[in-house]
Amino acid sequence: MFTAKAPTLASLPSISNHPSNPNFNANLPFLSTLSTSTRKPTSPLLTFPPLKSSISTTEPAISPPDQSLASTSKAAAQTRVDILAESLPFIQKFRGKTILVKYGGAAMKDKNLQASVINDLVLLSCVGLRPVFVHGGGPEINSMLGRLGQQPKFVDGLRVTDTPTMEIVEMVLVGKVNKHLVSLINKAGATAVGLSGKDGRLLTARPSAKAAQLGFVGDIARVDPTILRPLVANDFIPVIASVAADENGQAYNINADTVAGELAAALGAEKLILLTDVAGILENKDEPTTLVKEIDIKGVKKMMDEGKIAGGMIPKVNCCIRSLAQGVRTASIIDGRLPHSLLLEILTDEGAGTMITGGLTKPSKRRHAMLYFPRSTKLVL
């Protein structure tokens, strides 16, 4: 029978047998191999990167404030203040006045420009102007027709609108585009109300002179703005789709520029603004640097007689002339491709396109014909 002998302190390795003790490895031979071996693993799968500690034993250096950043921020703040101060005379001039805006073109197709227009509209409402918003929606109509397997047809730039097409036009303009714009305005902080020409008999339509070719494309026979007045007076923004009905209830597709012009006259608007895809009226239609900044009715009629205004610009100019003849003070055809074009037009002397006056209006401080307003100009908000 064997008995285990309890270990004594003398038989245990001494505390002094530390790797720093040269005799330590002699007591534990296998450690000698580990401590002196310089072999490295031959397999690449067994290689390990050296460990690096992420704990710093020194406190990070605190860099001094970036003076250039602070200076830039202060300059930007000063710019905003300067803009607000310079806007005061324009806000005072238009406060409480009705501004009719026709929305379309690139500003309707590009989401960034759309957001810019909506924000401008809400800002103008917040500072006391009374905007009324009229819209069309040609691209949306074409898209829906394509989804339904129908090909859009045009005669002299005007949509051929048969009975099935008229149903689609009304569905898209009144049911989709109008409510989408109302939602965007509400989201931006104002309160919008969506309408069409049918609501409250706002617009009464009649067949156009080319009804045989165009179908249900109409003109405006009568305007009754009764439904709009309490909305405008109580700071709502009416959003109006360019669809109306005749005395028998037949729906018609009406040009949105025409709707805007007639509503501006009926409401006694201070200003009519047409958003377009061009810089404005050009002295030379093939040269964008010949922008006419301001012109009266007599001058614009002369340009039409000389053939300097042609194509799609003709109905827009005629719309402006008709509204001015009925009491609207100024009408502007502006470049909707410019960010914040509405604010540029209303709150600056430079404007964002061409302003047409009725002849009795006192000339503004705008520079006159053939001075180019750069497309790159931006309003800092």
Side-chain angles (χ1 to χ4, degrees), residues 100-111 113-114 117-118 121 131-148 150-155 157-186 192-208 211 214-221 223-225 227-228 231 236-246 249-264 273-277 312 315-316 319 336:
L100 210 305
V101 179
K102 184 268 177 175
Y103 176 59
M108 200 168 194
K109 293 177 279 188
D110 184 285
K111 288 186 177 181
L113 291 175
Q114 184 179 73
V117 171
I118 296 298
L121 199 73
V132 177
F133 209 44
V134 174
H135 68 88
E140 292 279 1
I141 295 170
N142 292 342
S143 176
M144 183 60 72
L145 287 170
R147 288 168 61 182
L148 297 175
Q150 298 186 37
Q151 187 69 27
K153 299 177 183 178
F154 295 88
V155 173
L158 297 174
R159 185 185 302 278
V160 176
T161 309
D162 55 16
T163 299
T165 303
M166 187 62 232
E167 291 179 3
I168 294 169
V169 167
E170 187 165 10
M171 176 179 68
V172 171
L173 293 186
V174 181
K176 183 182 180 184
V177 177
N178 186 271
K179 303 313 172 192
H180 176 62
L181 293 173
V182 167
S183 295
L184 289 178
I185 293 170
N186 290 344
V193 177
L195 302 167
S196 75
K198 288 183 173 183
D199 295 300
R201 297 181 181 178
L202 177 58
L203 303 172
T204 301
R206 63 168 181 258
S208 74
L214 299 175
F216 297 109
V217 174
D219 293 326
I220 296 176
V223 180
D224 183 356
I227 193 174
L228 294 181
L231 294 176
F236 292 94
I237 300 179
V239 181
I240 302 164
S242 56
V243 171
D246 64 12
Q250 171 61 52
Y252 283 86
N253 180 21
I254 301 178
N255 180 275
D257 293 331
T258 302
V259 171
E262 295 300 315
L263 284 175
I273 300 176
L274 306 181
L275 287 164
T276 68
D277 286 343
K316 295 183 184 300
C319 163

Quick one: closest heavy-atom pair of [X] and [Y], and the distance?
X: L274; Y: K316; value: CD1-O, 3.8 Å
X: P207; Y: Y252; value: CG-OH, 3.3 Å
X: S208; Y: D219; value: CA-OD2, 3.4 Å
X: K179; Y: G194; value: NZ-O, 3.6 Å
X: L231; Y: P238; value: CB-CG, 4.3 Å
X: A256; Y: G136; value: CB-N, 3.8 Å

State, yes or no, whether a side-chain contact exists between [X] and [Y] at a heavy-atom distance under 4.5 Å.
X: H135; Y: N178; result: yes
X: D277; Y: K109; result: yes
X: L275; Y: V117; result: yes
X: Q114; Y: H180; result: yes
X: L263; Y: V223; result: yes
X: I237; Y: V132; result: no
X: Y103; Y: L181; result: yes

| request: Using a strict cut-off of less than 4.0 Å between a Lys/Arg side-chain nitrogen and an Asp/Glu carboxylate oxygen, indicate whether R206 and D246 qualify as a salt bridge. | output: no
Working to the nearest 0.5 angstrom, can you tell me the gap between [X] [atom1] and [Y] [atom2]?
X: T161; Y: E167; atom1: OG1; atom2: CD; value: 12.0 Å
X: L202; Y: S196; atom1: CG; atom2: OG; value: 8.0 Å
X: Q150; Y: I141; atom1: CD; atom2: CD1; value: 12.0 Å
X: K102; Y: S242; atom1: NZ; atom2: OG; value: 8.5 Å
X: L113; Y: I118; atom1: CG; atom2: CD1; value: 11.5 Å
X: F154; Y: R159; atom1: CZ; atom2: CZ; value: 4.0 Å

| task | Start with the C-alpha distance between V134 and V101, add both sets of side-chain angles, then the distance that settles side chain to side chain contact (heavy atoms under 4.5 Å, CB included), and finish with yes or no. | result | CA-CA 6 Å; V134 174; V101 179; over 6 Å; no
| query | Yes or no on side chain to side chain contact (heavy atoms under 4.5 Å, CB included) for V172 and V177, after CA distance, side-chain angles and deciding distance? | reply | CA-CA 6 Å; V172 171; V177 177; 4.0 Å; yes
| Side-chain donor-acceptor pair present, S183, N186, cut-off under 3.5 Å | no
| said: Check whether N253 reaches the backbone of G218 with its side chain - one donor and one acceptor, N or O, closer than 3.5 Å. | reply: no
| Derivation of the side chain to side chain contact (heavy atoms under 4.5 Å, CB included) call for L148 and I168 | CA-CA 10 Å; L148 297 175; I168 294 169; 3.5 Å; yes
| task | Given side chain to side chain contact (heavy atoms under 4.5 Å, CB included), test N255 with V217 step by step and report yes or no. | result | CA-CA 8 Å; N255 180 275; V217 174; over 6 Å; no
| field | Exceeds 12 heavy-atom contacts within 6.0 angstrom, atom NZ of K153 | value |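 Open: at most 12 neighbouring heavy atoms sit under 6.0 Å from NZ of K153.
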| request: Could you check V243, T258, D224, I220 and say which one makes a side chain to side chain contact (heavy atoms under 4.5 Å, CB included) with L203? | output: I220
